[in-house]
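All figures in this text were calculated on a predicted structure; none of them were measured in a lab.
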Amino acid sequence: MSAPTGISVSPELTSAFSDAVASTDTRFLKIAIQNESLVPNGVHPSSGSLEEDLDKLGDLLEDNVPAYVLVRLDEPTTEWLAVYYVPDSAKVRDKMLYAATRNTLTKSLGSAHFTDNIFATSKEDLNAEAYAKHKRHLAAPKPMSAREKEMEAVKAAEREAGGWSYEGSGARQSHVGQGVFLKWSPEAEEAIKELGTTEDSRLVVFSIDAATETLILTSNATVDVSEVGSSLPTSDPSYAFFAWPQNHTSPPRREIIPIYSCPSSSPVRHRMLYSSANLITVKEVKDYLNNAGTSSSFSPRKVETSDPTELNEQYLVAELGWAGPEAPTSSGRGPTADAEKRPFARPKGPGRKR
């Protein structure tokens, strides 16, 4: 394989590297570009550990002459470090030549041998301390943009929320995460009480007052299932609880469905706060309704969406996993009731053969 410069690995280098790989005592294989070819320029055995030998590497290099050095690692000994030494004081032509040929070197000798590489512009960049710093840099987390940091914080808050447990509180306060307390406004508590005692199709929507960290009531109204999506905020997160009467079932039942709406366009700080408090808020509403003795059943499944406009009857049925004869229809009846109104369709017979 040849580089764009036309320089290729010489047979002598191929043989020297094969011997170095087969041996167990070779530490450095120095390589130079001579007569438009990559050739071996010195083989040096191990005299100690990798760190001890790296401190001696500078003695093998010249201040103004570029070079490649292949370094055998200690663990595992089958892996090699490729060092590209191009000093700032070297001739411009030499700097360009060595820079354009470095990929040819490792690819021609077998990229699988080389697990790491170092670019150095001075001897001070090639010692045990510099190599340790290089490894720390590789192990450090990759830098993130401001947007990536915000999204990571949101994900972390959601992961932490998944591990919290509810211990109950007579004062209607809950520990939500580290140092976050959600208080319930009287209007919010009254709306949940009304949700459990009425029998209509009702939607209760809550928001969080970030300044006081209080759950406040946004709306409490009788709505049809087709109006749920349009009743939620489109630019801010919200918690909603939809009481959906199922008159087609036997006996009829009223299902209370928790809904967490978090539009993609909402501020990241709001998304973090709402995602942190989501699970505990649903738990508190469920416990409150159970303690109040409501006849409505609380859905075991939660509905979440990033686009509240998609919340229609079909979406809710799919998210709740309803299927079969109990699944509601747009008419408010079960599928069996609608089927009774359709006339029987006689199946067509087989076509006549010619």
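Counting all heavy atoms, side chain and backbone alike, Arg301 lies closest to Leu320 at CD-O, 3.4 Å. Ser235 and Ser265 make their closest contact through CA-OG, 4.3 Å (heavy atoms, listed as atom of the first residue, atom of the second, distance). The minimum heavy-atom distance between Ser185 and Ile216, with the atom names listed, is OG-CA, 3.6 Å.
Taking 4.5 Å as the limit, some side-chain heavy atom of Trp80 sits within range of a side-chain heavy atom of Val21. Put simply, the side chain of Tyr260 reaches to within 4.5 Å of the side chain of Ser275, judged on heavy atoms. Side-chain atoms of Ile208 and Glu213, non-hydrogen and from C-beta on, never get closer than 4.5 Å to each other. For the pair Leu217/Phe206, a side-chain contact is recorded, criterion being any heavy-atom separation below 4.5 Å from C-beta on. In this structure, Leu215 and Thr281 have side chains that are in contact, with non-hydrogen atoms separated by less than 4.5 Å. Counting heavy atoms from C-beta on, the side chains of Val9 and Phe17 never come closer than 4.5 Å. Residues Leu81 and Leu73 meet the side-chain proximity criterion, which asks for heavy atoms closer than 4.5 Å. Looking only at side-chain heavy atoms (C-beta outward), Asn117 and Arg102 stay at 4.5 Å or farther from each other.
Side-chain heavy atoms closer than 4.5 Å link hydrophobic residues (I, L, V, M, F, W, Y) into clusters, and following such links, possibly through other members, connects Leu57 to Leu50. Hydrophobic clustering (ILVMFWY, side-chain heavy atoms < 4.5 Å, transitive): Val39 and Val65 are in distinct clusters. Under the 4.5 Å side-chain heavy-atom criterion for grouping Ile, Leu, Val, Met, Phe, Trp and Tyr, Leu109 is connected to Val43 within one hydrophobic cluster. Using a 4.5 Å cut-off between side-chain heavy atoms of Ile, Leu, Val, Met, Phe, Trp and Tyr, with links allowed through other members, Val317 and Leu203 fall into the same hydrophobic cluster.
A salt bridge does not link Lys135 with Asp116: none of the charged nitrogens is closer than 4.0 Å to a carboxylate oxygen. With respect to the salt-bridge test (charged N to carboxylate O, under 4.0 angstrom), the residues Lys302 and Glu319 do not qualify. With respect to Arg27 and Asp74, a salt bridge is recorded, a charged nitrogen being found less than 4.0 Å from a carboxylate O.
No side-chain donor from either of Ser266 and Asp236 sits under 3.5 Å from a side-chain acceptor of the other. No hydrogens or angles considered: a donor-acceptor pair under 3.5 Å links the side chains of Asp200 and Thr222. Side-chain atoms of Glu310 and Thr305 include a donor-acceptor pair closer than 3.5 Å. For the residue pair Thr26 / Ser23, a side-chain donor-acceptor distance below 3.5 Å is found, with atom types taken as modelled. In this model, a donor atom of one side chain and an acceptor atom of the other lie less than 3.5 Å apart for Ser47 and Lys56. Between Arg202 and Ser296, the side chains place no donor N or O within less than 3.5 Å of an acceptor N or O (distance only, hydrogens not considered).
A side-chain donor-acceptor contact under 3.5 Å links Ser10 to the backbone of Leu38. At distances below 3.5 Å, not a single donor-acceptor pair connects side-chain atoms of Ser207 with backbone N or O atoms of Ser238. A donor-acceptor pair is defined here as one N or O able to donate and one able to accept, closer than 3.5 Å; such a pair exists between the side chain of Lys30 and the backbone of Leu60. A donor-acceptor contact shorter than 3.5 Å is absent between the side chain of Asp224 and the backbone of Glu227. Put simply, the side chain of Thr294 never gets that close to the backbone of Asn290: no donor and acceptor are under 3.5 Å apart. Asp55 contributes a side-chain N or O that, together with a main-chain N or O of Ala128, makes up a donor-acceptor pair within less than 3.5 Å. A distance-only check finds a donor-acceptor pair linking the side chain of Lys123 to the backbone of Leu61 [under 3.5 Å]. Not one N or O on the side chain of Ser37 forms a donor-acceptor pair closer than 3.5 Å with the backbone of Gln34. A distance-only check finds no donor-acceptor pair linking the side chain of Tyr288 to the backbone of Lys283 [under 3.5 Å].
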Taking it one step at a time, do Lys286 and Glu284 satisfy salt bridge (Lys or Arg N to Asp or Glu O under 4.0 Å)?
CA-CA 5 Å; Lys286 180 180 179 180; Glu284 285 206 328; over 6 Å; no

Assess whether side chain to side chain contact (heavy atoms under 4.5 Å, CB included) is satisfied between Ser15 and Asp19, documenting all intermediate values.
CA-CA 6 Å; Ser15 177; Asp19 293 343; 4.0 Å; yes

Ile33 vs Asp94, test: side chain to side chain contact (heavy atoms under 4.5 Å, CB included). Steps then yes/no.
CA-CA 9 Å; Ile33 297 178; Asp94 290 345; over 6 Å; no

For Leu70 and Val83: C-alpha separation, side-chain torsions, deciding distance, then whether side chain to side chain contact (heavy atoms under 4.5 Å, CB included) applies.
CA-CA 6 Å; Leu70 306 183; Val83 174; over 6 Å; no

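By the 30° and 60° cut-offs, the orientation of the rings of Phe298 relative to Phe241 is tilted. Aromatic ring orientation, Tyr239 versus Tyr274: tilted (interplanar angle from 30° to 60°). Between Phe242 and Trp244, the two ring planes are tilted [angle within 30° to 60°].
When ring centroids are compared, Tyr68 and Tyr85 stay outside the 6.0 Å threshold.
For the atom pair Thr309 OG1 and Leu232 CG, the distance stands at 10.0 Å (nearest 0.5 Å). For the atom pair Asn103 CG and Leu105 CG, the distance stands at 9.5 Å (nearest 0.5 Å). The structure places NZ of Lys193 at 9.0 Å from CD of Glu189, a figure rounded to the nearest 0.5 Å. Between Arg254 atom CZ and Ser297 atom OG the span is 9.5 Å, to the nearest 0.5 Å. From Ile259, atom CD1 reaches atom CG of Leu316 across 5.5 Å, with rounding to the nearest 0.5 Å. Distance CG/Leu29 to CZ/Arg72: 10.5 Å, rounded to 0.5 Å.
Checking Ile31, Val86, Ile7 one by one against Tyr98, the side chain to side chain contact (heavy atoms under 4.5 Å, CB included) holds for a single residue, Val86.
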